[in-house]
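Heads up, the thing below is written out as structure tokens.
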Amino acid sequence: MVKVGVLALQGAVREHIRSLEECGAEGIAIKKVEQLREVDGLILPGGESTAMRRLIDKYGFMEALKEFAAKGKPMFGTCAGLILLAKNLVGHKPHIGVMDITVERNSFGRQVDSFEADLAIKDVADNFPAVFIRAPHVVEAGAEVEILSKHNDRIVAAREGQFLGCSFHPELTDRHDITAYFVEMVKEAKAKQFV
């Protein structure tokens, strides 16, 4: 069984862990830097990206997260997590900066403008019920980035090798398709380590 961490500084950590368990993976809440050594992949949950960055710095996670990415381990950023992964942010300095995308924050309005939309996500689902809350979107994607889904002509899900990102909150539905897709990425990456 693969072990997948969920960065537990802010956001819907329990919901992600429940979804991982539904997909047959062990979900671990990551509260200390040392725990990153125990896991094969990592989910960066939604929340508020500026607050999450402060907590990442406060608890000394930044270098460890960059090292985690450099080792080729899969990382999945949802909503604010997508912002954390992006190499470029519109109007702001990047955070972890490992996925070749440019992201704009709060692209779909404020909290009161939250909505759900059924999305077709390549290799994942034809009608995934995506929950958007103060969601960002991908403005530009590098040549190696595969666009998995768009909503109203905006990129809302993408993959670049070991990195997966989406604008919405998959953990807030009872559907686990996209978590299962990430768990498969983790299994494939782990298998490659032993080749």
Side-chain angles (χ1 to χ4, degrees), residues 1-8 11-30 35-46 65-87 96 98-101 103 117-132 135-136 138 141-151 155-195:
M1 181 186 288
V2 291
K3 295 181 181 178
V4 179
V6 181
L7 189 64
V13 175
R14 273 183 300 176
E15 290 82 352
H16 274 297
I17 287 176
R18 180 180 57 87
S19 188
L20 286 164
E21 289 170 352
E22 289 286 336
C23 297
E26 183 179 350
I28 298 172
I30 302 293
Q35 289 178 285
L36 287 173
R37 290 191 219 112
E38 302 171 18
V39 294
D40 307 303
L42 182 69
I43 293 177
L44 303 166
L65 290 169
K66 289 181 177 178
E67 283 174 23
F68 191 88
K71 288 178 182 170
K73 291 188 176 182
M75 298 173 85
F76 178 21
T78 65
C79 195
L82 174 72
I83 294 169
L84 295 175
L85 287 180
K87 276 189 181 169
I96 304 170
V98 289
M99 188 172 176
D100 190 13
I101 51 175
V103 168
D118 284 340
L119 298 179
I121 305 174
K122 185 176 183 290
D123 300 331
V124 175
D126 293 331
N127 61 342
F128 188 85
V131 179
F132 289 82
V138 178
E144 302 301 317
V145 177
E146 184 179 17
I147 295 166
L148 302 180
S149 185
K150 289 184 177 183
H151 178 66
I155 302 167
V156 293
R159 177 179 178 179
E160 181 188 17
Q162 81 208 65
F163 303 116
L164 178 67
C166 67
S167 301
F168 46 88
H169 290 267
E171 78 282 6
L172 298 183
T173 75
D174 289 328
R175 290 271 300 273
H176 306 291
D177 316 50
I178 196 159
T179 304
Y181 179 86
F182 181 64
V183 168
E184 283 305 309
M185 285 173 59
V186 175
K187 287 179 182 173
E188 288 166 17
K190 189 174 182 184
K192 281 181 188 172
Q193 291 174 4
F194 298 105
V195 172

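- Annotation: side chain of Leu82 is not in contact with side chain of Cys166 (no heavy-atom distance under 4.5 Å).
- Residues Phe168 and His151 place their aromatic rings such that the two centres sit no closer than 6.0 Å.
- In this structure His176 satisfies the ring-ring contact (aromatic ring centres under 6.0 Å, His included) test with no other residue, sequence neighbours excluded.
- Residues Asp100 and Glu160 come closest through the heavy atom pair N-OE1, 2.7 Å.
- Two residues are said to be in side-chain contact when any heavy atoms from C-beta on lie closer than 4.5 Å; Phe68 and Val39 meet this criterion.
- Nearest heavy atom pair, residue Val4 against residue Phe182, reads CG1-CE2, 3.9 Å.
- Among Ile178, Leu42, Val6, the single residue meeting the side-chain contact (heavy atoms from CB on, under 4.5 Å) criterion with Phe76 is Ile178.
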Next item on the list: Would you check, one step at a time, whether the test side chain to side chain contact (heavy atoms under 4.5 Å, CB included) holds for Val156 with Phe132?
Entry: CA-CA 10 Å; Val156 293; Phe132 289 82; 3.8 Å; yes
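- Heavy-atom minimum distance, Gly72 versus Ala189: O-CB, 4.3 Å.
- Side-chain contact between Leu85 and Leu44: present, with at least one pair of heavy atoms (C-beta onward) separated by less than 4.5 Å.
- Considering every non-hydrogen atom in both Asp177 and Arg175, the closest pair reads OD1-NE, 2.9 Å.
- Ion pair Lys187/Glu184 flagged as a salt bridge, since at least one NZ, NE, NH1 or NH2 atom sits closer than 4.0 Å to an Asp/Glu carboxylate oxygen.
- Between Asp40 and Lys73 the shortest heavy-atom distance is O-CB, 3.8 Å.
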Next item on the list: Go through Leu7 and His16 one step at a time and tell me if the side chain to side chain contact (heavy atoms under 4.5 Å, CB included) criterion holds.
Entry: CA-CA 10 Å; Leu7 189 64; His16 274 297; over 6 Å; no
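- Here the closest heavy-atom approach between residue Asp118 and residue Pro129 is recorded as OD1-CA, 3.6 Å.
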